[in-house]
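Remarks on the structure that follows.
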Amino acid sequence: MELVGHVPIYGVMAKLLVGTPKDMIAPAFFCIAILFCARAVRADSAPRTFVGNFIGNDATVENYLTVSGSYDRAQNSESLYLEKTISPKSSFSLFVGYQRLEQEGEQTSASGFSNLGLAYKRVLITLPRHEFLFTVNPSLELPVGSSSVGSESHPRAGGDLLFQKGFGDLPDSLSMLRPAGIEGDAGWESKVTGARDDLVSADLELEYSLNYLDANVARGSVPYALRDLTPHLDFDYAQYLSAHRNSSQPDFELTPGIAWLNSTFEVNLGVQVALNRASSGSGAVAFVWLLGVSYDQLVPALGWNLFD
């Protein structure tokens, strides 16, 4: 999960903003503002490991496998995410899930697989001295899932813009904030066939690495048993927009969580809280979890790339 490589930032970002959808411009400007106000991270700083979301996807290109899930009063689900690098700056991934739905007052329940998601990830901007990464992630959803759990019957296509930024470049007066990091993405997808409806989504995650605190800011201040913990707070938004103005209500969720992670393994636990009525249809609170492994750390031969 370390950042590698270096390309000029400001000219590239200006070009990327041309033609960017309006709902994605604000996050892009926010990233640029952070970079203008930052100074370089010290060369002797220990590398940072970012948490990512509760699927396992983030702006980093890596060889990664996760099993994740959620549980609330009306449904529970498990999912698998597998990502394989094909070059130092690109990867392919697949995602599939399994759901079980329970109806109140009924003894029967529905279960089945979700559709298969395929995605390509490409790093566009990487700035190690500012712990910044910007990635594009086009995706395709194939309608192979079960309709009994609400899987779409039409293929969908879209993509995400992902970024991550560590704050190790803050001045000494704000050194206690250096272990903090921010990750986010803004996405859009739509049906390829059938009546059109667009799904727009955005995620923002704030995190604080105790490992980075102990290694780079206040050495020896964190007990050994706690050094690999990263508390984090995730804010999620999703909404369907119909071509016939029959749009759904926005779905807002807040997820406080804590992750135990190192360069190889990750265990992430959180409580997802519905912030409005649209997001509480299956329950106001859900328990979410993730188990992840960077499998090339265990078997280096699996880290091969098709392209250099």
Side-chain angles (χ1 to χ4, degrees), residues 16 19-31 50-60 66 68-70 72 75 77 79 81 83 93-97 99 114-122 133-143 145 149-152 154-164 182-192 196-207 232-243 246-257 268 270 272-282 286 288 290:
L16 288 172
T20 301
K22 291 182 178 179
D23 58 344
M24 297 180 184
I25 291 179
F29 272 114
F30 176 70
C31 297
F50 287 88
V51 174
N53 61 22
F54 272 97
I55 292 176
N57 190 26
D58 58 22
T60 307
T66 72
S68 59
S70 65
D72 61 33
Q75 64 181 352
S77 64
S79 60
Y81 173 83
E83 181 178 346
S93 64
L94 63 84
F95 172 82
V96 66
Q99 281 188 294
S114 65
N115 288 338
L116 175 65
L118 303 174
Y120 170 74
K121 189 187 293 184
R122 173 68 183 182
L133 203 62
F134 180 79
T135 304
V136 293
N137 188 206
S139 60
L140 177 67
E141 182 181 307
L142 302 179
V149 293
S151 296
E152 289 271 8
H154 297 273
R156 302 181 70 91
D160 296 274
L161 303 177
L162 307 101
F163 79 93
Q164 59 190 37
I182 184 171
E183 301 183 68
D185 65 81
W188 166 87
E189 64 175 37
S190 183
K191 287 181 181 178
V192 177
R196 179 180 174 183
D197 64 356
D198 299 337
L199 173 63
V200 294
S201 62
D203 306 287
L204 190 67
E205 179 180 294
L206 302 175
E207 56 195 69
H232 57 95
L233 183 66
D234 304 16
F235 178 76
D236 304 312
Y237 155 78
Q239 185 176 14
Y240 279 97
L241 303 177
S242 171
N246 187 26
S247 302
S248 68
Q249 293 296 312
D251 183 316
F252 295 109
E253 296 173 332
L254 190 68
T255 307
N268 200 355
Q272 195 169 71
V273 181
L275 298 182
N276 63 338
R277 181 174 297 180
S279 61
S280 61
S282 61
V288 290
L290 175 144

Do Asn137 and Ser139 have side-chain heavy atoms sitting under 4.5 Å apart?
-> no
Would you say the side-chain atoms of Lys121 pair up with the backbone N or O of Pro138, donor to acceptor, closer than 3.5 Å?
-> no
Side-chain donor-acceptor pair present, Asn115, Glu141, cut-off under 3.5 Å = yes
Between CZ on residue Phe95 and CD on residue Glu83, distance to nearest 0.5 Å = 13.5 Å
Take Thr60 and Gln164, measure what side-chain hydrogen bond (donor to acceptor under 3.5 Å, both in side chains) needs, and give me the verdict at the end.
-> CA-CA 8 Å; Thr60 307; Gln164 59 190 37; 2.9 Å; yes
Reported CG-to-CG distance for the pair Leu94 and Leu140, which is rounded to 0.5 angstrom | 12.5 Å
If you take all heavy atoms of Leu161 and Val136, which pair is closest and at what distance?
-> CD2-CG1, 3.7 Å
State whether the side chain of Thr135 and the backbone N or O of Ala59 hold a donor-acceptor pair below 3.5 Å, judged by distance alone.
-> yes
Looking just at side-chain N and O atoms, do Ser79 and Ser68 make a donor-acceptor pair shorter than 3.5 Å?
-> yes
In Å and rounded to the nearest 0.5 Å, what is the CH2 to CZ distance from Trp188 to Arg156?
-> 9.0 Å
Looking only at heavy atoms, what is the nearest atom pair of Glu152 and Pro143, with distance?
-> O-CB, 3.6 Å
With no hydrogens and no angle check, is any side-chain donor or acceptor of Lys191 less than 3.5 Å from a backbone partner on Asp198?
-> no
Whether Asp251 side chain and Tyr237 backbone form a donor-acceptor pair below 3.5 Å | no
Parallel, tilted or perpendicular: rings of His232 and Phe54 (30°, 60°) | tilted
No-hydrogen, no-angle side-chain donor-acceptor test under 3.5 Å, Tyr81 and Asn57 = yes
Could you verify whether a donor N or O on one side chain and an acceptor N or O on the other, from Gln99 and Ser114, lie under 3.5 Å apart?
-> no
Side-chain heavy-atom pair Thr255, Val273 within 4.5 angstrom cut-off = no
What do the steps show when you test Leu118 against Leu142 for side chain to side chain contact (heavy atoms under 4.5 Å, CB included), and what is the final call?
-> CA-CA 8 Å; Leu118 303 174; Leu142 302 179; 4.0 Å; yes
Please test Val149 against Ser151 for side chain to side chain contact (heavy atoms under 4.5 Å, CB included), starting from the C-alpha separation and ending with a verdict.
-> CA-CA 6 Å; Val149 293; Ser151 296; 3.8 Å; yes
How long is the span from the OG atom in Ser190 to the CG atom in Leu199, to the nearest 0.5 Å?
-> 9.5 Å
For Asp236 against Gln272, the heavy-atom pair lying closest together | OD2-NE2, 4.0 Å
Please lay out, stage by stage, how Glu205 and Val51 fare under the test side chain to side chain contact (heavy atoms under 4.5 Å, CB included).
-> CA-CA 9 Å; Glu205 179 180 294; Val51 174; 3.4 Å; yes
The reported gap from CD1 in Ile182 to CZ in Phe50 (rounded to nearest 0.5 angstrom) is 10.0 Å
Do any N or O atoms from the side chain of Asp234 and from the backbone of Asp203 form a donor-acceptor pair under 3.5 angstrom?
-> no
